[in-house]
**Student:** 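Here's a structure for you.
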Amino acid sequence: MANKPSIPKGTRDFLPEQSLKRQFIFDTAKGVFQLYGYQPIETPAMENLDTLTGKYGEEGDKLIYKILNNGDFLEKANQDDLDAKASNKVATQISDRALRYDLTVPFARFVVQNQNELSFPFKRYQIQPVWRADRPQRGRYREFYQCDVDVIGSDSLLNEAELLCIVSDVFDALGLGDIQIRLNNRKILSGIAHATGLGDHFGEMTIAIDKSDKIGVDGVREEMIKRGLPAAGVKKALDHISRKADADTLLRMLSGSLTGELEGQKGIDEMRKTLKALPPHVRKKVSIDLTLARGLNYYTGAIIEVGHSKFPSSICGGGRYDDLTGIFGLKNMSGVGVSFGADRIYDLMEELSLFPTTLKAASDIIFINFGETESLECMQLAMELRAEGYSAEVYPDAAKMQKQMKYADARGFRFVILIGSEELKEERANVKDMSTGDQSSVLLSDLNKFIFDKLGSDD
RNA sequence: GUGGUUGUAGCUCAGUUGGUUAGAGCGCCUGAUUGUGGUUCAGGAGGUCGUGGGUUCGAGACCCAUCUUCCACCCCA
């Protein structure tokens, strides 16, 4: 009965130290988002199931966590489906709600629902957990935080450029300056598909192409042939995609070979304009990658993915979606956004020891408890120190000195203040600096000043 | 979802072809030091070997199931 407690697969507890580091990531991202004028919103952990289904492709839908209805839910299930053990059909009959799978689709729903309260273009950021019924692996969790920034209600490519700047700034601020931002455009991929006679197989083509960094061009070719794409088209498409050149010449070559492909040309133009709007220090982190496809099937224009050489999977990704709100009844609302994977960024930063060391020792002062009379006085003094902005606390029990000192050491307090009956009588305090071991006798009336001098001079 | 992998003390891990009482380091607790941490020394506590079945005279080791971990596929942050 009294089994060891546990948490579901792919979820984690966070200890104080980890929690502080995670908050450091959130705060850093938030700071940058706000500098660019984005506003925070929040949406519920659960959405109506039909809000989410059909937005992430067939594979994505399978990963949505469905919430079992309350009450006598089997009553409402179709008996034939139950008898046939048709899980998929029954699932929609016994579940009306689901945990959100990402922040983009709920955001689209949010925009449609609250359109009268918002001014467009609407720029928002959102930092909340999402859930996916994936098989957990390194850097892959069932509950994880996304930090999303999106702007909706503007076609301008300045938005793409701005988001790339934000990506660059956030990672710089986190100490992860050496990222690679890969950029592609769905319209270009679509143009290639049409120009090579693969127009009917666009989805399959992109899925195969997306794997090229793992299985190579030959692997992609095999994959495409295996999926039944015409060999001639496959060859032509791969010729396009495997071209290597700097951005300008690459786009010029593409443009030359996609003559007559309106959509493809539009994609090329978008890419040019986006790159042109980037400041040099951001521009140099961005490279065109025609093999970048991304499965999320709502993307229609730019696709962005951020990687780091020390991490196997992407740590940030996004793109433009022209008609996500259309599904919810609001037309002509183009949006573009990126999502930072906070948990992957955490893992990466931990591996590279990039967290500031100051995050650990957050506490300044602890008073040793010598008994009731002394501790009451200490409570008063701690209050005064807090008013000065120092974190201060009184050990709650009159435990053995050694135990209290060990606690102070483990928690990482900078100062331990000892006020026993002797000190109290003389209105003095023994202040021990734990970093040096030095101990000084200070008049109680000078205590605030003493701490100020110490912390001021050391910091 | 498919295939594989892992699980022994709080942590990191030993544990020979199944054989008596399952070990180490670190951490923790106590004392040396009844008002002083981080160092040192001495002692101590802590494990139904992930869980549930099975094979066997005998299982931490073998088999099955299940959960967990990590990996590949799939997909993605």
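As a basis for the values below, the full set of heavy atoms in this structure was taken, side chains included, without hydrogen atoms, waters or symmetry mates. A note on names: the letters A, B, ... follow the listed sequences, proteins ahead of strands, and every chain is numbered from 1.
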**Student:** Ignoring hydrogens and angles, state whether a donor on the side chain of A:Thr53 or A:Asp61 is under 3.5 Å from an acceptor on the partner side chain.
**Tutor:**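 No.
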**Student:** Counting any heavy atom closer than 4.0 Å, what does A:Gln404 reach on the DNA or RNA strands: base, sugar-phosphate only, or nothing?
**Tutor:**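 A:Gln404: no heavy atom of the nucleic acid under 4.0 Å.
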**Student:** Decide whether A:Glu270 and A:Asn185 meet the rule of one side-chain donor and one side-chain acceptor closer than 3.5 Å.
**Tutor:**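 Side-chain D/A pair, A:Glu270 to A:Asn185: present.
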**Student:** Write down the distance separating the C1' atoms in B:G53 and B:A14, rounded off to the nearest Å.
**Tutor:**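 One C1' to the other, the span is 28 Å.
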**Student:** With sequence neighbours excluded, what pairs up with A:Arg320 under the side chain to side chain donor-acceptor pair (under 3.5 Å) test?
**Tutor:**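 A:Glu160, A:Ser334.
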**Student:** Does any donor atom in the side chain of A:Ser435 or A:Arg414 lie under 3.5 Å from an acceptor atom in the other side chain?
**Tutor:**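 Present: a donor and an acceptor within the cut-off.
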**Student:** Would you say the side chain of A:Lys400 and the base of B:G35 hold a donor-acceptor pair, judged only by whether the two atoms sit under 3.5 Å apart?
**Tutor:**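 No.
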**Student:** In residues 162-169 of chain A, which residues come under 4.0 Å of RNA chain B by heavy atom?
**Tutor:**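 Within residues 162-169 of chain A, no residue comes under 4.0 Å of RNA chain B.
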**Student:** Answer yes or no: side-chain N or O of A:Glu423 and base N or O of B:G35 forming a donor-acceptor pair under 3.5 Å.
**Tutor:**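 When only heavy-atom distances are counted, A:Glu423 does reach the base of B:G35 through a donor-acceptor pair under 3.5 Å.
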**Student:** Say you pick atom C1' in B:G7 and the same atom in B:U12; how far apart are they, in whole Å?
**Tutor:**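 That atom pair is separated by 14 Å.
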**Student:** Over how many whole Å does the gap from A:Ile368 atom CD1 to B:U36 atom P extend?
**Tutor:**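 Interatomic distance, CD1 of A:Ile368 to P of B:U36: 11 Å.
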**Student:** If we count only N and O atoms by modelled type, under 3.5 Å, do the side chains of A:Arg135 and A:Gln137 hold a donor and an acceptor together?
**Tutor:**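 No, A:Gln137 and A:Arg135 have no side-chain donor paired with an acceptor closer than 3.5 Å.
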**Student:** Does a salt bridge link A:Asp446 with A:Lys449, judged by any charged N lying under 4.0 Å from a carboxylate O?
**Tutor:**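 Salt bridge: no.
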**Student:** Classify the nucleic acid contact of A:Tyr407 as base, sugar-phosphate or nothing, counting any heavy atom under 4.0 Å across all strands shown.
**Tutor:**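 The residue A:Tyr407 makes no contact with any strand.
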**Student:** Would you write out the dot-bracket form of RNA chain B, 5' to 3', with Watson-Crick and G-U pairs under 3.5 Å, [ ] for crossing pairs, | for pairs to other strands and . for unpaired bases?
**Tutor:** ((((..(..((((.....[...)))).(((((.......))))).....(((((..]....))))))..))))....
**Student:** Expressed as a whole number of Å, how far does the P atom of B:G38 sit from that of B:G27?
**Tutor:**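 After rounding to an integer number of Å, I get 11 Å for this pair.
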**Student:** Going by side chain to side chain donor-acceptor pair (under 3.5 Å), name the residues that satisfy it together with A:Asn369, two or more places apart in sequence or in a different chain.
**Tutor:**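 Applying side chain to side chain donor-acceptor pair (under 3.5 Å) to A:Asn369 gives none.
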**Student:** Compare side-chain N and O positions of A:Gln402 against OP1 and OP2 of B:G37 and report whether any pair is under 4.0 Å apart.
**Tutor:**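 For A:Gln402, the contact criterion (side-chain N or O under 4.0 Å from OP1 or OP2 of B:G37) is met.
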**Student:** Could you go through nucleotides 25-29 of chain B and list every protein N or O atom that sits under 3.5 Å from one of its N or O atoms, giving the distance for each pair?
**Tutor:**
none

**Student:** Just checking, is any N or O donor in the side chain of A:Gln146 or A:Asp102 under 3.5 Å from an acceptor N or O on the other one?
**Tutor:**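 No, no side-chain donor-acceptor contact under 3.5 Å.
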**Student:** Please list, chain by chain and in numerical order, all residues satisfying side chain to side chain donor-acceptor pair (under 3.5 Å) with A:Lys285, sequence neighbours excluded.
**Tutor:**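 In terms of side chain to side chain donor-acceptor pair (under 3.5 Å), with neighbours along the sequence ignored, A:Lys285 is linked to A:Ser168, A:Asp172.
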**Student:** Could you tell me how far B:G54 sits from B:C49 if I compare only their P atoms? Round to whole Å.
**Tutor:**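 The same atom, P, in both gives a distance of 16 Å.
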**Student:** Considering residues at least two apart in sequence or located in another chain, which fulfil the side chain to side chain contact (heavy atoms under 4.5 Å, CB included) criterion with A:Pro44?
**Tutor:**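 With sequence neighbours excluded, A:Pro44 shows a side chain to side chain contact (heavy atoms under 4.5 Å, CB included) to A:Glu47, A:Arg109, given in chain and number order.
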**Student:** On a whole-Å scale, what distance lies between the C1' atoms belonging to B:U36 and B:G15?
**Tutor:**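 43 Å, rounded to whole Å.
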**Student:** Could you state the CG-C1' distance from A:Leu15 to B:C11, rounded to the nearest angstrom?
**Tutor:**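 Atom CG in A:Leu15 sits about 12 Å away from atom C1' in B:C11.
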**Student:** For A:Gln180, give me all partners under side chain to side chain donor-acceptor pair (under 3.5 Å), at least two apart in sequence or on another chain.
**Tutor:**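 Partners of A:Gln180 under the side chain to side chain donor-acceptor pair (under 3.5 Å) test: none.
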**Student:** Expressed in angstrom and rounded to an integer, what is the separation of A:Met401 atom CE from B:G35 atom C1'?
**Tutor:**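 Spelled out: CE on A:Met401 to C1' on B:G35 is 4 Å.
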**Student:** Pick the nucleotide of RNA chain B nearest each of A:Lys62 and A:Met405; which residue has the one closer to the 5' end?
**Tutor:**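 By nearest-heavy-atom nucleotide position, the 5'-most residue is A:Lys62.
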**Student:** For residues 398-450 of chain A, which residue pairs pass the ring pair (Phe, Tyr, Trp, His ring centres under 6.0 Å) check, not counting sequence neighbours?
**Tutor:**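 Every pair satisfying ring pair (Phe, Tyr, Trp, His ring centres under 6.0 Å) with a residue in residues 398-450 of chain A: A:Tyr395-A:Tyr407.
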**Student:** Given the C1' atoms of B:A59 and B:U20, what is the spacing between them in whole Å?
**Tutor:**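 Going atom to atom, C1' in each nucleotide, I get 14 Å.
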**Student:** Is there a donor in the side chain of A:Tyr299 and an acceptor in the side chain of A:Asn184, or the other way round, less than 3.5 Å apart?
**Tutor:**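 A:Tyr299 vs A:Asn184: no donor-acceptor pair found between side chains.
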**Student:** Side-chain N or O of A:Lys9 versus OP1/OP2 of B:U68: is the shortest distance under 4.0 Å?
**Tutor:**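 For B:U68, OP1/OP2 do have a side-chain N/O of A:Lys9 under 4.0 Å.
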**Student:** Applying ring pair (Phe, Tyr, Trp, His ring centres under 6.0 Å) as the test, list every pair that has at least one member in residues 15-45 of chain A; sequence neighbours left out.
**Tutor:**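 Passing the test, one end in residues 15-45 of chain A: A:Phe26-A:Tyr145, A:Phe33-A:Tyr125, A:Phe33-A:Phe340.
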**Student:** Determine the Euclidean distance between corresponding P atoms of B:G23 and B:G60; express it in Å to zero decimal places.
**Tutor:**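 Approximately 14 Å lies between the P atom of B:G60 and that of B:G23.
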**Student:** Check this for me: does the side-chain of A:Asp409 come within 3.5 Å of the base of B:G38 through a donor and an acceptor?
**Tutor:**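 Check fails, no donor-acceptor contact within cut-off.
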**Student:** Applying side-chain hydrogen bond (donor to acceptor under 3.5 Å, both in side chains), which residue pairs with at least one partner in residues 373-382 of chain A are found, sequence neighbours left out?
**Tutor:**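 Residue pairs passing side-chain hydrogen bond (donor to acceptor under 3.5 Å, both in side chains), neighbours aside: none found.
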**Student:** Using the P atom as the reference point in each nucleotide, state the distance between B:C75 and B:U8 in Å, no decimals.
**Tutor:**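 So the two P atoms sit 34 Å from each other.
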**Student:** For a quick check, with a 4.0 angstrom heavy-atom cut-off, what is the B/S/- contact string for nucleotides 71-77 of chain B, read 5' to 3'?
**Tutor:** BBBBBBB
